[in-house]
Structures are given as C-alpha cells and as structure tokens.
Engineer: 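Please see the structure below; I have some questions.
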Amino acid sequence: MTPILQFSDVSKIYPLPAGDVIALHRVSFTVQKGEFVAVMGPSGSGKTTLLNLMGCLDVPTEGEISINEIPIAEMSDNELTHLRLTTIGFIFQQFNLFSLLNIIENVTFPQIMKEKGNVSYRHAHQILTSLGLDKKLYTHRPNELSGGQQQRVAIARAMINDPPLLLCDEPTGNLDSKTGKDIMDMLSLLHQAGRTIIMVTHDHQSAGYATRIIRIRDGEIE
Ligand SMILES: Nc1ncnc2c1ncn2[C@@H]1O[C@H](COP(=O)(O)OP(=O)(O)O)[C@@H](O)[C@H]1O
Ligand SMILES: [Mg+2]
C-alpha cells in the first residue's frame with residue numbers, strides 16, 4: 001500500500017473576536033492510493049475544514065500534512081501551486097463554476113493554468129462526451145444548465161489535468177436523488193479507473209459507494 005495523504009496530529013483553530021473556534025483537534029489518519037473514503041459527520045463538525053486542508057487551500061494551525069509522503073509545509077509556493085494543478089481535483093456542492101466563462105472555457109481553465117495557455121480542446125471534448133454532455137452545450141454559460149449538468153462540467157474541470165486525487169465536498173448535496181445517483185456512478189467509475197477519492201457527504205446512499213468511512217464529530221475523528 002502506498003499512502004497518498006497523511007494527517008498527523010493536525011489541528012485547525014480559527015481565531016475570532018468572540019474566542020477561538022477549534023475546528024479540528026489533533027486529527028491523524030492515512031489515505032492509501034486507490035481508496036474511496038467518505039467523510040461523514042454532523043454540520044459544523046469540521047468536514048469542510050478537513051477537505052480544505054487536504055486540498056492545500058488552507059494551512060493547519062498545528063500538525064503535519066503530507067501528500068505523496070512529502071510534508072506540504074516544506075514546499076515552496078510554486079511547488080504547492082504545481083501540486084494543486086497536477087495532483088488534486090476539486091468538486092463542490094455548489095458546483096463553483098465560473099459564471100462568466102462558457103462550459104469549454106470552464107473545463108480547460110486548470111489546463112490553461114498548468115500548461116501556461118497551451119491547451120488542446122480535444123481532451124476537454126473527450127471528457128465532456130464521456131460524462132454525457134452534449135456538444136451543443138459547450139458554448140453555454142453555467143446558469144443555462146441544470147444542476148446535474150453543471151456538476152458534470154465540474155467533474156470534467158476537476159479531471160482535465162488527470163489528477164490522481166479527487167476531493168469532493170457534498171457533491172450530490174444540491175441534486176435530486178436520481179441525478180445524485182448518476183453523479184455517484186461517475187465518481188465510482190473514476191475510482192475504478194484508479195483515482196483516489198475523498199468525499200464529504202451527509203447522504204448514506206452516496207457513502208455506500210465508499211470503501212471506507214471516516215466519521216468526524218466536534219473536530220475529532222471518532
Ligand atoms: N473561516 C472560518 N472562520 C471561523 N470559523 C470557521 C471558519 N470556517 C469554519 N469555521 C467553524 O469551524 C467549525 C467547522 O466548520 P466546517 O469545517 O465548515 O464544518 P462542516 O463542513 O462539517 O459543516 C464550525 O464551528 C464553523 O463555524
Ligand atoms: Mg461543510
């Protein structure tokens with residue numbers, strides 16, 4: 001087994017005028033390459049904080065996080081940016097597409113960032129087609145698409161640089177159950193193709209796709 005992500009005694013404290021909020025308290029766990037992990041816990045338990053730290057979108061107050069066995073605290077800003085672009089894909093509950101960009105521009109955005117503008121649209125077309133999105137939609141803006149279509153675009157954008165690790169925050173939280181199942185089936189295919197997936201969810205049906213469940217309560221792993 002090869003670890004792709006390791007947390008070692010990680011704490012996250014948000015200092016607020018009314019007092020410190022301890023969002024995570026000495027959390028330790030390892031995710032191996034190829035796992036599909038569901039993170040479950042009540043609202044406010046620290047799930048989004050955990051996912052943001054996993055994705056290097058935020059830094060811990062204490063403790064060590066390693067990706068591919070390299071502590072991220074030892075990486076330079078350039079190395080971190082490169083890591084985010086090549087190793088990690090994000091999928092959010094609110095889709096988080098760029099509202100002023102059309103579908104194909106949304107999907108190629110991380111590719112443009114990585115390749116410094118040098119993109120081929122062929123790869124984007126391939127991914128969008130494999131996710132069942134009609135070519136006619138490519139020039140539309142996100143708000144002209146249904147929730148399920150927008151989440152497919154978000155998956156395509158997350159996959160465009162072929163990252164081995166996919167982080168999902170409530171990916172079916174804004175979708176009806178039939179559309180949510182379609183999205184979960186797509187994530188499951190990506191897992192079967194060898195990606196590591198870590199997914200925050202409230203939904204037991206979605207968690208059923210995972211090979212392991214991490215439960216979190218009041219900032220601590222149960
Ligand atoms: N940026 C922030 N500033 C202050 N407190 C925050 C911030 N983000 C989250 N929190 C607090 O940290 C705790 C965990 O939040 P969060 O990670 O969003 O939980 P979850 O995703 O499980 O609902 C909550 O008490 C929340 O209010
Ligand atoms: Mg959350």
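We count ligands from 1, going down the list as the structure has it; atoms in each ligand are counted the same way.
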Engineer: Nearest to atom 19 (O) of ligand 1, what protein heavy atom do you find, and at what distance?
Structural biologist: G46 N, 3.2 Å
Engineer: Any idea which atoms of ligand 1 are less than 4.0 Å away from a heavy-atom of V21?
Structural biologist: 11 (C), 12 (O), 25 (O)
Engineer: Within 2.8 Å of the Mg ion (ligand 2), is there any N, O or S atom belonging to T48?
Structural biologist: yes
Engineer: For D218, look at atom CG and say whether over 12 heavy atoms of other residues, nucleotides or ligands are found less than 6.0 Å away.
Structural biologist: no
Engineer: How about F36 and Y209: are their ring centroids closer than 6.0 Å?
Structural biologist: no
Engineer: Applying side chain to side chain donor-acceptor pair (under 3.5 Å) to T179 and D176, what does each step give before you reach the verdict?
Structural biologist: CA-CA 5 Å; T179 312; D176 62 78; 2.8 Å; yes
Engineer: Is at least one protein non-hydrogen atom found at under 4.0 angstrom from atom 26 (C) of ligand 1?
Structural biologist: no
Engineer: Is K33 atom NZ crowded by more than 12 heavy atoms from other residues, nucleotides or ligands, each under 6.0 Å away?
Structural biologist: yes
Engineer: Can you find a non-hydrogen atom of G219 under 4.0 Å from ligand 1?
Structural biologist: no
Engineer: Check ligand 1 against P42 and write out every atom of the ligand that is under 4.0 Å from a heavy-atom position of the residue.
Structural biologist: 22 (O)
Engineer: I need the nearest protein heavy-atom contact for atom 18 (O) of ligand 1: residue, atom name and distance, please.
Structural biologist: T48 CB, 3.7 Å
Engineer: Only heavy atoms count here, so choose which of N52, L51, T49, L53 is nearest to atom 17 (O) of ligand 1.
Structural biologist: T49
Engineer: Short question: side chain of E144, backbone of R141 - any donor-acceptor pair under 3.5 Å?
Structural biologist: yes
Engineer: Among all protein heavy atoms, pick the one closest to atom 12 (O) of ligand 1 and tell me residue, atom and distance.
Structural biologist: A23 CB, 3.5 Å
Engineer: Starting from atom 9 (C) of ligand 1, what is the nearest protein heavy atom, named by residue and atom, and what distance separates them?
Structural biologist: Y14 CE1, 3.4 Å
Engineer: Salt-bridged, E220 to R26, with N to O below 4.0 Å?
Structural biologist: no
Engineer: Can you tell whether the side chains of D169 and K47 come within less than 4.0 Å, N to carboxylate O?
Structural biologist: no
Engineer: May I ask you to check if R157 and F98 form a cation-pi contact, with NZ or CZ under 6.0 angstrom from the six-membered ring centre and within 45° of the axis?
Structural biologist: yes
Engineer: Give a yes/no verdict on whether any heavy atom in G41 is under 4.0 Å from an atom of ligand 1.
Structural biologist: no
Engineer: Out of K47, E170, Q93, who is nearest to atom 22 (O) of ligand 1 when you count heavy atoms only?
Structural biologist: K47
Engineer: May I ask you to test the I127-I160 pair for a side-chain heavy-atom distance under 4.5 Å?
Structural biologist: yes
Engineer: State whether the number of non-hydrogen atoms from other residues, nucleotides or ligands found under 6.0 Å of R217 atom CZ is greater than 12.
Structural biologist: no
Engineer: Among protein heavy atoms, which sits nearest to atom 14 (C) of ligand 1, and what does the distance come to when rounded to 0.1 Å?
Structural biologist: G44 O, 3.4 Å
Engineer: Taking distance alone, with N or O pairs closer than 3.5 Å, would you say L16 contacts ligand 1?
Structural biologist: no
Engineer: Enumerate the atoms of ligand 1 whose separation from the nearest heavy atom of S43 is less than 4.0 angstrom.
Structural biologist: 23 (O)
